[in-house]
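The structure appears below as structure tokens.
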Amino acid sequence: MRKGRRGGKRGESGVWWAPAVGVVLLIAVPNVVASSWTTLLAVAVVLGVLVGVAVLVIRRLGAAYRRDALRRAGVERLDPRRFEELAAELLRRDGFRRVSVVGGAGDRGIDVVGVASDGARYAIQCKYYTRAVGPGQVRDFVGALQAKPYRDHRGVLITSHYLSAEATRTAGEHDLIVIDRDRLGDWLIDAYRLGPGRRPPAWLVRLRHGREAR
């Protein structure tokens, strides 16, 4: 009988512990989960800030490298003809064949032509401007590409400045390749390639080759 009573007490003791453990878990688990979520949120915020800073630094580095490349190439001191010759030089560097500067009287709005490594023909118009290229100039170029000698050519508009917003839309509507001042800077340091193939971004090119890369 005594054994039975002791057994009964043990059973009752086990019954009392179970609710106590349940209460502790109900209190502790949400706190642990909340603490974990707080930690994860803090880590996410820190990572977001670091990524944002990295993107900003990379953009500024790219802009600095482009300015340096344009300065080294003496773009500000060129004239329209020498600007066309610079474009032809960059085409040859990118593996184009039969590159020719055709700008001048009777050029029909086309300044440079060349054939890419994949056989595609390109017709380039160079705009050595100190102001933004407008939509009218873009439409004139599109019209020049309709002339019989250039109907099978890919149109490329290169400018020493930028395109206006409307000119950019017009160029996009006609599937023109646009090389504005920023892209020209990338092209000069081999961070951009016209024709088949791609190049790494400007900041990565400079990291690989140093500040003297062109």
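Count residues from 1 along the sequence. Keep in mind that this is a model prediction, so the values were computed, not measured.
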| request: Without swapping roles, check the side chain of S100 against the backbone of V102 for a donor-acceptor pair under 3.5 Å. | output: no
| L157/L163 under side chain to side chain contact (heavy atoms under 4.5 Å, CB included): CA gap, chis, key distance, verdict | CA-CA 10 Å; L157 178 61; L163 273 66; 4.2 Å; yes
| S160 backbone acceptor or donor facing R181 side chain under 3.5 Å | yes
| field | Distance (rounded to the nearest 0.5 Å) between R82 CZ and E89 CD | value | 11.5 Å
| said: Side chains of Y162 and D182, heavy atoms from C-beta outward: is any pair under 4.5 Å? | reply: yes
| Sub-4.5 Å side-chain heavy-atom contact between W187 and L91 | yes
| Spatial distance of atom NE2 (H153) from atom CG (L145) [nearest 0.5 Å] | 9.0 Å
| Hey, does R93 have a side-chain heavy atom less than 4.5 Å from the side chain of D190? | yes
| request: Enter the distance from D140:CG to Q137:CD here, rounded to the nearest 0.5 Å. | output: 7.0 Å
| task | Salt-bridge test for R121 and D152: reply yes if a basic N is under 4.0 Å from a carboxylate O, no otherwise. | result | yes
| field | Full working for side chain to side chain contact (heavy atoms under 4.5 Å, CB included) between T159 and D180 | value | CA-CA 5 Å; T159 178; D180 64 5; 4.1 Å; yes
| field | 4.5 Å side-chain heavy-atom contact, V178 and T168 | value | no
| said: side chain to side chain contact (heavy atoms under 4.5 Å, CB included), that's the test. Do L90 and L194 meet it? Break it down for me. | reply: CA-CA 9 Å; L90 292 171; L194 186 61; over 6 Å; no
| note | In terms of heavy-atom contacts, A167 and P135 come closest through CB-N, 3.6 Å
| Going only through I, L, V, M, F, W and Y residues with side-chain contacts under 4.5 Å, is there a path from I177 to I124? | yes
| query | With a 4.5 Å heavy-atom cut-off, do C126 and P80 have their side chains touching? | reply | no
| When you look at V142 and L176, which way does the side chain to side chain contact (heavy atoms under 4.5 Å, CB included) test go after all the steps? | CA-CA 8 Å; V142 172; L176 298 180; 4.0 Å; yes
| request: Kindly write out the residues that satisfy side chain to side chain donor-acceptor pair (under 3.5 Å) with R71, not counting sequence neighbours, or none if the list is empty. | output: D68
| K127 side, atom NZ; H161 side, atom NE2 - distance, nearest 0.5 Å | 14.5 Å
| query | Do E84 and R81 sit within salt-bridge range, that is, some charged N less than 4.0 Å from a carboxylate O? | reply | yes
| message | Please give me the minimum heavy-atom distance between V113 and Y150, naming the atom from each residue. | response | CG1-CE2, 3.9 Å
| said: Using side-chain heavy atoms (C-beta onward) and a distance below 4.5 Å, is R66 in contact with I189? | reply: no
| request: Without swapping roles, check the side chain of D94 against the backbone of F96 for a donor-acceptor pair under 3.5 Å. | output: no
| field | Note, H174 side chain near F141 side chain (heavy atom, < 4.5 Å) | value | no
| message | Using only atom types and a distance under 3.5 Å, with no angle test, would you say the side chain of Q125 pairs donor to acceptor with the backbone of G109? | response | yes
| query | For the side chain of Q146 and the backbone of G143, is there at least one donor-acceptor N/O pair under 3.5 Å apart? | reply | no
| Is any side-chain heavy atom of L184 less than 4.5 Å from a side-chain heavy atom of F83? | yes
| Under 4.5 Å between side-chain heavy atoms, hopping through other hydrophobics if needed: is there a path connecting V115 to V156? | no
| request: Examine distances only and state if a side-chain atom of Y128 and a backbone atom of V75 form a donor-acceptor pair shorter than 3.5 Å. | output: yes
